[in-house]
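Working notes, structure below.
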There are 2 protein chains.
Amino acid sequence: MNEQIDEKLNSREIKPTAMRELVLKLMMEKLSAISLPELEEQLSYADKATLYRTLKTFEKNKLIHSINDGNGPLKYALCMDDCECEPEELHIHFSCTVCNKTYCLNEIPVPKISLPKGFNLTSVETVVKGVCANCIS
Amino acid sequence: MNEQIDEKLNSREIKPTAMRELVLKLMMEKLSAISLPELEEQLSYADKATLYRTLKTFEKNKLIHSINDGNGPLKYALCMDDCECEPEELHIHFSCTVCNKTYCLNEIPVPKISLPKGFNLTSVETVVKGVCANCIS
DNA sequence: GTTAATTTGCAACTCCGTTGCATTTATTAT
DNA sequence: ATAATAAATGCAACGGAGTTGCAAATTAAC
Ligand SMILES: [Mn+2]
Ligand SMILES: [Mn+2]
Ligand SMILES: [Zn+2]
Ligand SMILES: [Zn+2]
């Protein structure tokens with residue numbers, strides 16, 4: 001299990017420190033995105049700045065990506081194994097208004113948009129809000 | 001001109017105070033969205049809390065809507081005259097990575113998304129990033 | 001005019017994100 | 001193995017955005 005984690009870190013050229021292993025492990029266990037404050041809470045012994053820098057490192061090396069769901073703090077989720085975060089790899093995100101969890105919908109690519117003349121597109125971000133499967137009563 | 005402004009406020013059942021007239025006037029003159037900090041800057045004599053509450057009142061009464069472009073503070077833009085902010089009236093937003101201005105693309109409706117089973121959709125927000133017409137060199 | 005309701009101004013506060021700097025840990029050179 | 005160098009961590013502090021309580025001022029109702 002730690003094998004898999006170190007492998008993942010190595011594949012993104014991130015040196016596998018204890019802290020980084022812990023954070024990645026936690027993120028791999030969760031199926032929804034996690035924010036820095038949540039991370040602080042769940043790894044209470046860890047320092048905020050270290051966690052912050054860990055996330056930044058992960059993000060820079062495309063192990064994770066950030067999601068701004070317009071609801072509280074930035075959230076982070078694992079990238080797919082071979083992801084390079086290119087425009088064509090972008091997917092939409094779902095934010096549940098009940099449990100406040102945010103999910104990557106990796107199967108649903110971001111929609112194609114044709115802009116008015118003069119506008120030059122470089123990326124598209126789509127956040128869908130609604131009620132998730134768990135919260136439907 | 002103040003005629004038009006008071007009319008707009010009245011049509012949304014917002015009492016036309018001096019402060020509110022000023023804020024609405026400013027927003028009508030701008031063609032891009034504006035944030036609370038920018039508003040503070042441009043109406044330097046006005047108080048932050050008052051401006052904040054003015055925006056909240058405007059938003060509640062659907063005179064304006066908020067835009068989370070994932071880049072700094074929340075921005076606000078005027079709704080169309082007859083807008084009720086229903087899902088089918090939602091449009092996409094464009095955020096220029098050069099000048100950092102954000103525009104409503106009122107002509108471009110938010111894309112239709114079909115979610116996996118179990119997910120229940122209530123709204124869609126799409127932000128397109130790129131370079132705006134003014135910033136293309 | 002007096003009273004009640006609304007709006008404004010000021011101050012304070014929380015939360016998230018970010019940075020400087022000293023200490024610890026890992027890597028490299030001798 | 002030891003010393004020098006580089007990288008990661010911990011702690012503390014800070015700044016911006018958003019938000020609230022409360023008193024003063026303004027506006028509306030009686
Ligand atoms: Mn994602
Ligand atoms: Mn808009
Ligand atoms: Zn949910
Ligand atoms: Zn621009």
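Just the heavy atoms: all of them, side chains too, but no hydrogens, waters or symmetry mates, feed the values below. Throughout, protein chains are lettered first and strands after them, A, B, ... in sequence-line order, and every chain is numbered starting at 1.
- The hydrophobic cluster containing B:I136 also includes B:V98, B:V131, under a criterion of side-chain heavy atoms closer than 4.5 Å among ILVMFWY residues, counted directly or through chains of members.
- Summarising the geometry, the separation between CD on B:E38 and C1' on D:dA17 is reported as 13 Å, rounded to the nearest angstrom.
- Between B:E40 atom CD and D:dG16 atom P there is a gap of 11 Å when expressed in whole angstrom units.
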### Task
Could you summarise the pairing of DNA chain C as dot-bracket text, marking Watson-Crick and G-U pairs under 3.5 Å with ( ) or [ ] inside the strand and | across strands?
||||||||||||||||||||||||||||||

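- The listed nucleotides are D:dG18, D:dT19, C:dC16; the one nearest the side chain of B:P73 is D:dG18.
- In this structure, the nucleotide among C:dT18, D:dG18, C:dG9 sitting nearest to the side chain of A:L36 is C:dT18.
- Taking only side-chain nitrogens and oxygens, B:Y52 comes nearer than 4.0 Å to OP1 or OP2 of D:dT19.
- For the residue pair A:T102 and A:S32, no side-chain donor N or O sits within less than 3.5 Å of a side-chain acceptor on the partner.
- Put simply, NZ on B:K56 is 16 Å from P on C:dT8, counting in whole angstrom units.
- Applying the side-chain contact (heavy atoms from CB on, under 4.5 Å) rule to B:E86 yields the partners B:E84, B:E88, B:E89; only residues at least two apart in sequence or on another chain are considered.
- Residue side chain A:K48 does not reach the base of D:dG10 through any donor-acceptor N/O pair under 3.5 Å, judged by distance alone.
- Looking at B:K25 and B:E29, a side-chain N of the basic residue comes within less than 4.0 Å of a carboxylate O on the acidic one, giving a salt bridge.
- To the nearest angstrom, C1' of D:dG10 lies 15 Å from CG of A:L43.
- Rounded to an integer number of Å, the gap from A:D47 CG to C:dC16 P is 16 Å.
- Distance CD (B:E59) to P (D:dG18): 11 Å, rounded to an integer number of Å.
- As rounded to whole Å, 13 Å separates atom C1' of C:dG17 from atom CG of A:L51.
- For the residue pair A:E59 / A:S66, a side-chain donor-acceptor distance below 3.5 Å is found, with atom types taken as modelled.
- Applying the salt bridge (charged side-chain N to carboxylate O under 4.0 Å, His left out) test to residues at least two apart or on different chains, the pairs with a partner in residues 34-51 of chain A are A:K30-A:E38.
- Protein atom CD1 of B:I14 is 15 Å distant from nucleotide atom P of C:dT6, rounded to whole Å.
- Cluster membership check: B:L115 shares its hydrophobic cluster with B:L90, using side-chain heavy-atom separations under 4.5 Å among Ile, Leu, Val, Met, Phe, Trp and Tyr.
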Dump every N/O contact between nucleotides 21-30 of chain D and the protein below 3.5 Å, one line per pair.
residue, atom, partner, partner atom, Å
D:dG21, O6, B:R53, NH2, 3.4

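- The side chain of A:T50 has D:dG10 as its nearest neighbour among C:dT8, D:dG10, D:dA8.
- Here A:P116 pairs with A:F119, B:L105, B:E107, B:I108 under the side-chain contact (heavy atoms from CB on, under 4.5 Å) rule; sequence neighbours left out.
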